[in-house]
Amino acid sequence: MEHKAIMITGGAGFIGSHVVRLFTGKYPDCRILNVDKLTYAGNPANLKDVEDSPNYRFVRADICDFDTMLGLMESEHVDGIIHLAAESHVDRSIKDPFTFAKTNVMGTLSLLQAARQYWESLPERYDGKLFYHISTDEVYGALTLSHPEGTEPPFSTKASSGHHLAYGDTFFKETDKYSPHSPYSASKAAGDHFVRAFHDTYGLPSIVTNCSNNYGPYQFPEKLIPLFVNNILHRRPLPVYGRGENVRDWLYVEDHARAIDLIFHQGKIAETYNIGGFNEWKNIDIVRLLVKTTDRLLGRGDGEDMDLITFVKDRAGHDLRYAIDSTKLRDELGWEPSLQFEEGIEKTVKWYLDNQDWLADVTSGNYLRYYDEMYNRR
Ligand code: NAD
Ligand code: TDX
């Protein structure tokens, strides 16, 4: 169904900025309201190319502020919400779990309650409304490594019709029980439970999706891929946790944004969809690929910077393997990832090297000056 006004929370962050860009361009008759607190992770420069679009509006606000959320929903006649705002970095959650509980649990609850109060006040109530909550595969816990006799990992699996390399024969399914290990994943799990509880208790129309690791342009350089590209560029050490044996399932961020668009418009209320790349990689293999790609694009010798790889103390509670089974999304809505990983990595590394000003701004903290210049004078 068509929506008239969609509130996207966390739209100045990594994935949110791709979702805002996609929706603003693709749905010119729909108003896109980006609500973001601009924490260290939010950067309005991520949306330079859309900020003058007539159907786009940015509001700096905290999702935990219930009155402001309700006021915005009422004044903008919001009929759809795509909720991405969150504290998202596992290492930060280990140091400061309170901030994670506040935003990811209480912030989600505040948005749910505001949506419920506003939509229940309308004559049509929940008709044509949707609260779409973006979550992570990390809520399911960790999988083990295994491989069939006579094969070497990664092995090819039939879990998907396409290209799928796996490090084990089990995958997260929508029906799996939650088993989060980090304060980050525990806070996301709690948020997901509240969304489902609001559907079951009040009838609030909602959908939850759980996605695997994203990569691509505009990711804050604290996460593995942009951090390491930046470190290779400046010839700084590459801190690989443990032995680099942990496995993640990687998805190009624009493929995630496409899935969000599809599910927002065609997904079934009260359903959960897993979104994944069918693309498992060991950290150490990604790091080697990043060194090779970055060195080549910088015109340095082949793998010249391999000796920057430094094995450091492991992350506490480090989940060994994540792997998503997104068969349901493929079978029901026809979604498939569009990019092979090597192609996506090439595009991504090139983007960071072509946008060194962006990298320098976020690593120096200068990017908030852009916000002051752009928005405070309006
Ligand atoms: P990010 O850290 O890059 O961006 C988060 C955004 O939320 C920032 O713009 C920040 O300013 C904003 N924000 C934080 N607290 C806020 C608050 N209290 N009020 C309003 N805005 C606030 O995160 P991301 O990587 O783009 O992740 C977006 C969402 O997708 C999160 O919910 C995350 O859990 C989920 N997710 C991420 C990945 C991934 O690989 N990055 C994978 C699966 C799911
Ligand atoms: O310096 C590092 N060294 C290292 O070995 C960093 C930053 C990471 N790692 C390892 C830890 C992980 O096994 O690389 C892997 C990826 O780490 P992150 O980029 O921090 O991502 P991860 O912890 O897997 O979580 C990400 O995917 C799921 C996002 O940050 C979450 O928001 C998302 O929900």
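For ligands, and for the atoms within them, numbers begin at 1 and follow the listed sequence.
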Are any of the N/O atoms in K188 less than 3.5 Å from those in ligand 1? yes

Backbone or side-chain N or O of F14 under 3.5 Å from ligand 1 N or O: yes

Looking at K102, I'd like to know if its NZ atom is crowded, meaning that more than 12 non-hydrogen atoms belonging to other residues, nucleotides or ligands lie closer than 6.0 Å. no

Does R243 count as lying over the ring of F311, i.e. NZ or CZ under 6.0 Å from the six-ring centre, within 45 degrees of the axis? yes

Hey, does D62 come in under 3.5 Å of ligand 1, counting only N/O atoms on both sides? yes

Any chance the rings of Y178 and Y140 have centres within less than 6.0 Å? yes

Suppose we measure from atom 4 (O) of ligand 1 to each protein heavy atom; which comes out shortest, and what is that distance? G13 CA, 3.5 Å

Taking only heavy atoms of the protein into account, state which residues are under 4.0 angstrom from an atom of ligand 2, in chain and number order. S88, H89, V90, T136, E138, Y184, N213, E222, K223, L224, L227, F228, P239, V240, Y241, N246, R248, N283, R315, H318

Co-members of the apolar cluster containing Y241 [side chain, <4.5 Å]: V312

Of all pairs that satisfy side chain to side chain donor-acceptor pair (under 3.5 Å), the ones with a partner from residues 307-317, not counting sequence neighbours: D91-R315, D314-H318

Is H89 touching ligand 1 with its side chain, its backbone, both, or neither, if touching means heavy atoms under 4.0 Å apart? neither

So for ligand 1, is C64 a polar contact partner (N or O within less than 3.5 Å, distance only)? no

Please check whether Y184 reaches ligand 1 - meaning an N/O of the residue sits under 3.5 Å from an N/O of the ligand, judged on distance alone. yes

Does Y167 have its ring centroid less than 6.0 Å away from the ring centroid of H147? no

Top protein contact for atom 43 (C) of ligand 1, by heavy-atom distance: C211 O, 3.3 Å

Considering the heavy atoms of L38, write down every atom of ligand 1 situated less than 4.0 Å from one of them. 11 (O)

Return a yes/no value for T39: is any of its N or O atoms, backbone included, closer than 3.5 angstrom to an N or O of ligand 1? yes

Closest to atom 23 (O) of ligand 1 among S187, G107, S88 (heavy-atom distance): S88

Working to the nearest 0.5 Å, report the span between CD of E245 and CG of L145. 8.0 Å

Looking at ligand 1, would S212 count as a contact under a 4.0 Å heavy-atom criterion? yes

Show the atoms of ligand 1 that are less than 4.0 angstrom away from any heavy atom in N213. 40 (O)

A student comparing R248, R92, M106, K37 should find that the heavy atom closest to atom 21 (N) of ligand 1 comes from K37

For the aromatic rings, using the six-membered ring if either is Trp, is the centroid distance between F131 and W119 under 6.0 Å? no

Any chain of hydrophobic side-chain contacts (each under 4.5 Å) joining L130 to Y118? no

Straight-line distance of L204 CG to I81 CD1, nearest 0.5 Å: 7.5 Å

Would you tell me which option among I63, N214, N210 has the nearest heavy-atom contact to atom 19 (N) of ligand 1? I63

Taking a cutoff of less than 4.0 Å between a non-hydrogen atom of the residue and any ligand atom, is T9 in contact with ligand 1? no

Could you find the nearest protein heavy atom to atom 8 (C) of ligand 1 and give me its residue, atom name and distance? D36 OD2, 3.5 Å

List the steps and the verdict of salt bridge (charged side-chain N to carboxylate O under 4.0 Å, His left out) for R31 and E76. CA-CA 9 Å; R31 283 173 297 114; E76 296 284 338; 3.0 Å; yes

Around atom 29 (C) of ligand 1, find the nearest protein heavy atom and jot down its residue, atom name and distance. L84 O, 3.2 Å

Closest candidate by heavy atom, reference atom 44 (C) of ligand 1, pool A85, S135, S110: S135

So with a 6.0 Å cut-off around NZ of K350, is the heavy-atom count from everything else above 12? no

What residue among Y40, Y352, F14 forms ring-ring contact (aromatic ring centres under 6.0 Å, His included) with F220? Y40

Considering non-hydrogen atoms of the protein only, which is the closest contact for atom 5 (C) of ligand 1, and what is the distance? A86 O, 3.5 Å

Taking the six-membered ring for Trp and the single ring otherwise, decide whether the centroids of F194 and H133 are under 6.0 Å apart. no

Can you list the atoms of ligand 1 that are under 4.0 Å from a heavy atom of I134? 30 (O), 32 (O)

Between R235 and D305, does at least one N-O distance fall below 4.0 Å, as a salt bridge requires? yes

Residues at least two apart in sequence or cross-chain that pass salt bridge (Lys or Arg N to Asp or Glu O under 4.0 Å) with E254, listed by chain then number, are none

Nearest non-hydrogen protein atom, atom 27 (O) of ligand 1: I15 CD1, 3.8 Å

Using salt bridge (charged side-chain N to carboxylate O under 4.0 Å, His left out), reason through R116 and E120 one step at a time and then give a plain yes or no. CA-CA 6 Å; R116 179 187 155 222; E120 286 188 356; 3.6 Å; yes

Under 6.0 Å between the ring centres of Y27 and H265? yes

Note: T103, heavy atoms under 4.0 Å from ligand 1, region reported as side chain

Tell me, please: is A61 in heavy-atom contact with ligand 1, that is, under 4.0 Å? yes

